[in-house]
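These numbers come from the heavy atoms of this one structure, side chains and all, not from hydrogens, waters or symmetry mates.
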Amino acid sequence: MLENPSVSISRTIDARGSYCPGPLMELIRAIREGEVGDVVAILSTDSGSKIDIPKWVEKAGHRLVSITTLDGYDQIVVEKLR
């Protein structure tokens, strides 16, 4: 798990209950709409998100800030770098 308490989240997307590729598509939309430096947190109950989102983040040139498993879902935090 990665953690960075100094990062403040600009936008939170609640994609709990949505199945792959829903959470990833919602994150991609938020990143496209956002400004460089924005930090987006996505909440997902889909176990594939922990694999798919980090792969996409690396490929797209953004930064994975953290993946935190909470009560029945994951919070994945991404910083838009470009």
Side-chain angles (χ1 to χ4, degrees):
M1 175 170 67
L2 310 164
E3 292 218 16
N4 188 340
S6 66
V7 172
S8 70
I9 294 169
S10 315
R11 179 173 176 186
T12 299
I13 299 165
D14 190 346
R16 290 175 290 188
S18 177
Y19 296 98
C20 186
L24 176 58
M25 300 316 290
E26 290 189 48
L27 173 64
I28 291 169
R29 183 170 46 249
I31 291 289
R32 283 191 181 134
E33 292 170 357
E35 304 290 324
V36 170
D38 281 358
V39 177
V40 178
I42 184 143
L43 310 180
S44 177
T45 50
D46 183 66
S47 61
S49 294
K50 287 195 291 190
I51 298 161
D52 299 342
I53 290 175
K55 281 184 185 174
W56 176 82
V57 167
E58 184 178 348
K59 195 167 100 177
H62 302 296
R63 184 170 77 94
L64 183 65
V65 176
S66 65
I67 298 175
T68 308
T69 300
L70 301 165
D71 189 21
Y73 64 96
D74 298 305
Q75 175 183 289
I76 303 167
V77 181
V78 177
E79 181 181 5
K80 179 173 179 163
L81 295 183
R82 53 182 197 82

Taking every non-hydrogen atom, the tightest pair across C20 and D46: CB-OD2, 3.3 Å
What's the verdict on side chain to side chain contact (heavy atoms under 4.5 Å, CB included) for S49 and D74, showing C-alpha distance, side-chain angles and the deciding distance? CA-CA 8 Å; S49 294; D74 298 305; 5.9 Å; no
How far does CD1 of I9 sit from CD of E79, to the nearest 0.5 angstrom? 11.5 Å
Heavy-atom neighbours of E58 CD exceed 12 at 6.0 Å: no
Of the non-hydrogen atoms in S8 and V39, which two are nearest, and what is the gap between them? O-CB, 3.5 Å
CG of L24 to CD1 of I51: how many Å apart, nearest 0.5 Å? 12.5 Å
Output yes when a side-chain donor or acceptor of K80 lies under 3.5 Å from a complementary backbone atom of I31, and no otherwise. yes
In short, I13 meets A30 closest at the heavy-atom pair CD1-CB, 3.4 Å
Following the transitive rule for hydrophobic clusters with a side-chain heavy-atom cut-off under 4.5 Å over Ile, Leu, Val, Met, Phe, Trp and Tyr, establish whether Y19 and M25 coincide in one cluster. no
Determine the minimum heavy-atom distance between Q75 and A41, stating which atoms define it. CG-CB, 4.2 Å
R11 CZ to I42 CD1 distance, which is reported to the nearest 0.5 Å: 9.5 Å
Once rounded to the nearest 0.5 Å, what's the spacing between atom CG of D14 and atom OG1 of T45? 8.5 Å
Measure the spacing between CG of L43 and CD of E26 and express it to the nearest 0.5 Å. 10.5 Å
Are I67 and W56 grouped together when hydrophobic residues (ILVMFWY) are joined by side-chain heavy atoms under 4.5 angstrom apart? yes
Please round to the nearest 0.5 Å and tell me the distance separating atom OG1 of T69 and atom NZ of K50. 4.0 Å
Please name the pair of heavy atoms, one in L81 and one in G61, separated by the smallest distance, quoted to 0.1 Å. CB-O, 3.5 Å
Show, in sequence, the C-alpha distance, side-chain angles and deciding distance for H62 and V40, and conclude whether the side chain to side chain contact (heavy atoms under 4.5 Å, CB included) test is met. CA-CA 11 Å; H62 302 296; V40 178; over 6 Å; no
What's the shortest heavy-atom distance between I76 and I53, and which atoms? CG2-CG2, 3.7 Å
